[in-house]
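Everything below concerns the one structure shown next.
Note that the structure is a prediction, hence the values are computed from the model and not measured.
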Amino acid sequence: MTVNEHQRKRFSAAREQRGLAVALSKKILTQVHASREGFMMWSVFHTAVQDLFDKHERASATRYLKGDLLHLQLAGVDPDWVHLQFKRAGINLEPIFDER
């Protein structure tokens with residue numbers, strides 16, 4: 001496999017993971033209290049989900065998403081359920097990009 005083929009395969013996998021993560025985030029939104037405050041709390045979570053795919057923001061996004069998800073708790077969502085959804089969807093919370 002050439003270097004270009006390998007890079008295309010990695011980026012394709014990352015793009016697929018991003019799509020799954022955004023879909024999961026929208027699924028989680030359905031569990032948030034229906035209020036402006038609930039939506040705002042979910043928005044913090046959703047930003048972290050998107051940041052998983054930005055190599056400069058990934059470390060802090062991963063720490064937040066692996067943590068207690070305080071913003072979602074305040075919006076009425078159980079963080080253990082969220083962690084389970086990530087696991088079931090096969091969304092990787094480990095580094096995708098080489099840090100070299």
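By the rule that hydrophobic residues join a cluster once side-chain heavy atoms approach within less than 4.5 Å of another member, F39 and Y64 end up as members of one cluster. A single hydrophobic cluster is not seen to contain both L72 and L70; linkage of ILVMFWY side chains at heavy-atom distances under 4.5 Å, directly or through other members, places them apart. Tracing side-chain contacts under 4.5 Å through hydrophobic residues (I, L, V, M, F, W, Y), one never reaches V32 starting from L74; they form parts of separate clusters.
For the atom pair Q73 CD and M41 CE, the distance stands at 12.0 Å (nearest 0.5 Å). Here CZ of F86 is found 8.0 Å from NE2 of H83. Values are rounded to the nearest 0.5 Å. Here the CD1 atom belonging to I91 is positioned 12.0 Å from the CZ atom belonging to R18, to the nearest 0.5 angstrom. The CG atom of L20 sits 12.5 Å away from the OG atom of S25 when rounded to the nearest 0.5 Å.
A pairwise comparison of heavy atoms in A48 and A61 identifies O-CB, 3.3 Å as the closest pair.
Under the side chain to side chain contact (heavy atoms under 4.5 Å, CB included) rule, V82 has a single partner from L24, L65, L69, which is L69.
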Quick one, H33 with V77, criterion side chain to side chain contact (heavy atoms under 4.5 Å, CB included). Give me CA distance, side-chain angles, the key distance, then yes/no. CA-CA 8 Å; H33 291 307; V77 180; over 6 Å; no
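At least one side-chain heavy atom of W81 sits less than 4.5 Å from a side-chain heavy atom of I28.
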